[in-house]
Amino acid sequence: MTDTDMDADMDTDTDTEVEVDAEVDAEVDTEVDAEVEITADLVRDLLKEQHPDLAGLAVREVAGGWGNQMWRLGDELAVRMQRMDPTPELQLKERRWLPVLAPRLPLPVPRPVRFGEPSERFPKHWTVMTWVAGEPLDHGSISRGDHAADTLAGFLRALHVEAPAEAPVSTDFGAHPRDCTDGFEHFFEAVVPDDIAAEVRAVWDDAVSAHAWEGPPVWVHGDLHPANVVVSDGTLSGVVDFGALFAGDPAWDLAAAWVLLPAGTASRFFDTYADADEAAIRRARGLAVMKSLFLMLMGQNGDRGLPGGKPHWGPRGRAALDRVLHHVSVRENNATPTP
């Protein structure tokens, strides 16, 4: 994620500088948001207009969501409504690539089954997708840490294969840490406690100095954090929200070893994944720090009542940050190159 895009995706209290045409789209979308409230009745009416065979299913709002709003549709489907995202690009990307990726992945992921097109009633895109059962990790917990580590590693090994030439290349997520320094500094100044500031900066500086990814671009989810995975029976049971999907550096996903998994399971994760060199682990640690600070900032924004803020994310972010720092401390004390 580049410095400019971090402001858009992570700091909900600021605007982002984007190209002129995107600015126009954002202004139009803001007007739409003010005029069109997304309700169960609207979702049902849109289904009647474009997919009448689904209109009789029960419609229930799903709490959360920012760029897109989710509505349960019966027991097995959901409607993903474009809301704050200024363009339909993320939904269109999911429509194009999830049907390609889903069959090869060992965990359930959403699959698009019907497309909703802009209309006079709702001039944005919407998609009917399969519902991934489970509790979002930001509201749940992992009690079977080793199982979750093995599950995440297996999922990422299956995902991280060489992507085709036409795969999307991200202009935000996916950058080397050295290109995310301004964003990191913003988070750092906003939320890092003084007593751990030196440790946090040391991890980040180490990631910035790590070699770049030299392999072929592989498929990367890009946005693995506690709201984008679901859990059941104490372990990971599904992955959602592939809007950030891109072809590039897998370190962006490897950061999940600390952002998602319980303390003490990162080593098992990397042993099972078995395809991360030292430079990738160093980049992943720095990205895990940045993602943790993002969660802490979102929690702080929620505590302040700012739009898009999520108070319960703050403790999640601090716990993830502590896991990274503890890992580094143990590694230094043992003086071994293993994660």
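Sequential numbering from 1 along the given sequence is applied to the chain's residues.
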I want to check something: taking the side chain as every heavy atom from C-beta on, are [X] and [Y] in contact at a cut-off of under 4.5 Å?
X: Gln50; Y: Glu117; value: yes
X: Glu185; Y: Arg201; value: yes
X: Leu159; Y: Val220; value: no
X: Val79; Y: Met81; value: yes
X: Leu101; Y: Val109; value: no
X: Trp71; Y: Ile38; value: yes
X: Asn228; Y: Val239; value: no
X: Glu37; Y: Leu42; value: no

Worksheet item: Should the heavy atoms of other residues, nucleotides or ligands under 6.0 Å from CG of Asp233 be counted, would the total exceed 12?
Response: no
Discussion item. Take a 6.0 Å sphere around CD of Glu89 and say whether it holds more than 12 heavy atoms from other residues, nucleotides or ligands.
Written reply: no
Find out if a path of hydrophobic residues (ILVMFWY) with successive side-chain heavy-atom gaps under 4.5 Å connects [X] to [Y].
X: Val231; Y: Leu295; result: yes
X: Val230; Y: Leu105; result: no
X: Phe294; Y: Val192; result: yes
X: Leu90; Y: Val240; result: no

To the nearest 0.5 Å, how far apart are [atom1] in [X] and [atom2] in [Y]?
X: Asp303; Y: Gln300; atom1: CG; atom2: CD; result: 7.5 Å
X: Leu236; Y: Leu224; atom1: CG; atom2: CG; result: 9.5 Å
X: Leu77; Y: Arg111; atom1: CG; atom2: CZ; result: 13.0 Å
X: Leu92; Y: Gln82; atom1: CG; atom2: CD; result: 8.0 Å
X: Arg114; Y: Leu47; atom1: CZ; atom2: CG; result: 9.5 Å
X: Leu254; Y: Trp252; atom1: CG; atom2: CH2; result: 12.5 Å

List the atom of [X], the atom of [Y], and the distance in Å for their closest heavy-atom pair.
X: Ala279; Y: Ala210; value: O-CB, 3.8 Å
X: Leu98; Y: Pro112; value: CB-CD, 3.8 Å
X: Val259; Y: Ser292; value: CG2-OG, 4.4 Å
X: Pro262; Y: Gly145; value: CG-CA, 4.0 Å
X: Gly222; Y: Phe246; value: CA-CE2, 3.7 Å
X: Ala288; Y: Val324; value: CB-CG2, 3.8 Å

Worksheet item: Residues two or more places apart in sequence or in another chain: which of them pass salt bridge (Lys or Arg N to Asp or Glu O under 4.0 Å) with Asp195?
Response: none
Discussion item. Under the rule for salt bridge (Lys or Arg N to Asp or Glu O under 4.0 Å), what residues qualify as partners of Arg318, not counting sequence neighbours?
Written reply: Asp322
Worksheet item: Below 6.0 angstrom between ring centroids: does that apply to Phe155 and Trp219?
Response: no
Please enumerate all residues that pass side chain to side chain donor-acceptor pair (under 3.5 Å) together with [X], with sequence neighbours excluded.
X: Glu94; answer: Arg80
X: Ser209; answer: Arg282
X: Asp45; answer: Arg121
X: Asp41; answer: Arg44

Worksheet entry | Stepwise salt bridge (charged side-chain N to carboxylate O under 4.0 Å, His left out) check, Arg283 with Glu214 | CA-CA 13 Å; Arg283 294 193 306 276; Glu214 297 178 346; over 6 Å; no
Between the side chain of [X] and the main-chain N/O of [Y], is any donor-acceptor distance below 3.5 Å?
X: Lys93; Y: Leu245; result: yes
X: Asp223; Y: Ala244; result: no
X: Arg323; Y: Leu261; result: yes
X: Arg144; Y: Thr235; result: no

Discussion item. Side chain to side chain contact (heavy atoms under 4.5 Å, CB included), that's the test. Do Leu156 and Phe269 meet it? Break it down for me.
Written reply: CA-CA 10 Å; Leu156 292 181; Phe269 165 81; 3.8 Å; yes
With [X], which residues qualify under ring-ring contact (aromatic ring centres under 6.0 Å, His included), at least two apart?
X: Trp126; answer: His51
X: His160; answer: Tyr273
X: His147; answer: none

Discussion item. Show me the pairs that pass ring-ring contact (aromatic ring centres under 6.0 Å, His included) and involve residues 101-120, at least two apart or across chains.
Written reply: none
Worksheet item: After noting the C-alpha distance and the side-chain angles of Cys180 and Trp204, does the key distance pass the side chain to side chain contact (heavy atoms under 4.5 Å, CB included) rule?
Response: CA-CA 10 Å; Cys180 304; Trp204 180 254; 4.0 Å; yes
Contacts under 3.5 angstrom, residues 131-139 side chains, donor-acceptor by atom type, not counting sequence neighbours:
| from | atom 1 | to | atom 2 | distance (Å) |
| --- | --- | --- | --- | --- |
| Asp138 | OD2 | His312 | NE2 | 3.0 |
| Asp138 | OD2 | Trp313 | NE1 | 2.9 |

Worksheet item: side chain to side chain contact (heavy atoms under 4.5 Å, CB included) between Val229 and His221: does it pass, once the steps are laid out?
Response: CA-CA 11 Å; Val229 299; His221 179 284; over 6 Å; no
Discussion item. Taking transitive links into account, so neighbours of neighbours count too, which hydrophobic residues share a cluster with Val169 at under 4.5 Å side-chain distance?
Written reply: none
Worksheet item: Checking side chain to side chain contact (heavy atoms under 4.5 Å, CB included) for the pair Gln91/Lys124: CA distance, chi angles, key distance, verdict?
Response: CA-CA 11 Å; Gln91 276 205 39; Lys124 295 187 177 186; over 6 Å; no
